[in-house]
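All heavy atoms count here, side chains included; hydrogens, waters and symmetry mates do not.
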Amino acid sequence: MKKSLIALFMAGTLAGLSSCGTARNAAGSIKALDGEWKITEVDGQGISSTDNGSEAFIGLDVKEMRLYGSTSCNRLLGGFEADTKKGTISFGQTGSTRMMCPDMETERKVLDAIGKVTKYEITPDGKMAFKSADGTTVMKLEKK
């Protein structure tokens with residue numbers, strides 16, 4: 001009986017310790033999203049800075065769960081939700097300014113891609129991929 005109680009106690013202790021580590025890893029994962037991410041590729045095509053030096057980027061403020069950034073022309077703003085355990089991310093109502101720019105094609109691609117995003121993946125080298133529901137990478141980003 002005493003051995004059974006000791007075994008039960010040890011199992012409970014190990015389960016408690018492992019769950020603490022899991023919670024800590026999940027919290028760390030959401031922090032990994034935080035900051036500004038330069039958009040390097042949309043739908044398999046590279047994105048570069050425009051003639052005026054403006055680059056497309058997405059900023060994620062995990063404390064406020066807010067999205068901000070630039071399409072390389074107009075400013076982006078909105079909110080987002082992420083589930084680090086499932087690797088999902090969704091952008092709520094996303095808005096942008098409405099200036100005309102020489103390169104409206106990049107803007108269109110960025111906005112279209114944001115609308116398709118349902119998942120994210122951060123690679124060991126610190127880059128991020130936004131993916132559609134079917135797992136297709138729609139946008140690649142790297143930390144600024």
Side-chain angles (χ1 to χ4, degrees), residues 5-144:
L5 287 174
I6 290 173
L8 185 60
F9 174 76
M10 293 298 287
T13 301
L14 288 173
L17 289 173
S18 67
S19 69
C20 289
T22 303
R24 191 171 32 247
N25 289 341
S29 296
I30 192 74
K31 287 184 180 182
L33 291 172
D34 199 45
E36 295 185 351
W37 296 84
K38 178 182 175 183
I39 301 170
T40 59
E41 191 176 295
V42 176
D43 288 329
Q45 296 181 348
I47 301 292
S48 58
S49 296
T50 60
D51 292 339
N52 66 2
S54 181
E55 66 183 8
F57 77 94
I58 291 178
L60 300 172
D61 178 346
V62 298
K63 184 177 178 184
E64 300 291 326
M65 298 306 282
R66 302 293 304 158
L67 159 78
Y68 64 95
S70 172
T71 62
S72 80
C73 173
N74 285 293
R75 306 291 300 163
L76 289 173
L77 58 133
F80 75 96
E81 293 181 8
D83 183 330
T84 57
K85 290 181 182 179
K86 295 179 182 176
T88 59
I89 191 165
S90 62
F91 302 106
Q93 294 286 357
T94 304
S96 69
T97 56
R98 292 291 189 184
M99 299 181 297
M100 286 297 295
C101 300
D103 181 13
M104 295 303 288
E105 184 65 17
T106 298
E107 170 153 329
R108 184 192 59 74
K109 287 179 185 178
V110 169
L111 292 174
D112 286 348
I114 287 173
K116 297 175 188 174
V117 174
T118 61
K119 302 173 187 175
Y120 75 93
E121 183 179 288
I122 298 178
T123 61
D125 63 354
K127 295 181 180 180
M128 184 161 48
F130 283 156
K131 299 178 179 243
S132 63
D134 68 2
T136 302
T137 298
V138 295
M139 189 181 294
K140 289 185 180 180
L141 308 98
E142 58 186 45
K143 201 78 172 233
K144 284 176 79 173

Asker: Would you mind listing every side chain to side chain donor-acceptor pair (under 3.5 Å) that reaches into residues 110-126, with sequence neighbours excluded?
Answerer: R108-D112, T123-D125

Asker: Which side-chain N or O atoms in residues 137-144 pair as donor and acceptor under 3.5 Å with protein atoms at least two apart or in another chain?
Answerer:
from : atom 1 : to  : atom 2 : distance (Å)
K143 : NZ     : D34 : O      : 2.4
K144 : NZ     : E36 : OE1    : 3.4
K144 : NZ     : E55 : OE2    : 3.4

Asker: Under 4.5 Å between any side-chain heavy atoms of T84 and K31, yes or no?
Answerer: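 The answer is no; the side chains never approach within 4.5 Å.
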
Asker: Got a second to check how far S132's OG is from D43's CG, nearest 0.5 Å?
Answerer: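 Answer for the OG-CG pair, S132 versus D43, is 9.0 Å.
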
Asker: Ignoring hydrogens and geometry, is there a side-chain-to-backbone donor-acceptor pair from T71 to E107 under 3.5 Å?
Answerer: no

Asker: Report yes if the side chains of S54 and C73 come closer than 4.5 Å at any heavy-atom pair, otherwise no.
Answerer: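 In short, these two side chains do not touch, never coming nearer than 4.5 Å.
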
Asker: Which residues satisfy the ring pair (Phe, Tyr, Trp, His ring centres under 6.0 Å) test with F57, sequence neighbours excluded?
Answerer: none

Asker: Atom CG of L76 and atom CG of L111: how far apart are they, to the nearest 0.5 Å?
Answerer: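 If we round to the nearest 0.5 Å, L76:CG and L111:CG are 6.0 Å apart.
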
Asker: Is any side-chain heavy atom of M128 closer than 4.5 Å to one of L33?
Answerer: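 Yes, their side chains come closer than 4.5 Å.
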
Asker: Of the non-hydrogen atoms in F80 and L67, which two are nearest, and what is the gap between them?
Answerer: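 In this case the closest contact between F80 and L67 is CD2-N, 4.1 Å.
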
Asker: Measuring from atom NZ of K109 to atom CE of M104, what distance do you get when rounded to the nearest 0.5 angstrom?
Answerer: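 So the gap between those two atoms works out to 13.5 Å.
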
Asker: Once you round to the nearest 0.5 Å, how far does CD1 of I58 lie from CZ of F91?
Answerer: 5.5 Å

Asker: Evaluate the side chain to side chain donor-acceptor pair (under 3.5 Å) criterion for residues T97 and N74: first the C-alpha distance (whole Å), next the side-chain angles of each, then the deciding distance (0.1 Å), finally the verdict.
Answerer: CA-CA 5 Å; T97 56; N74 285 293; 2.7 Å; yes

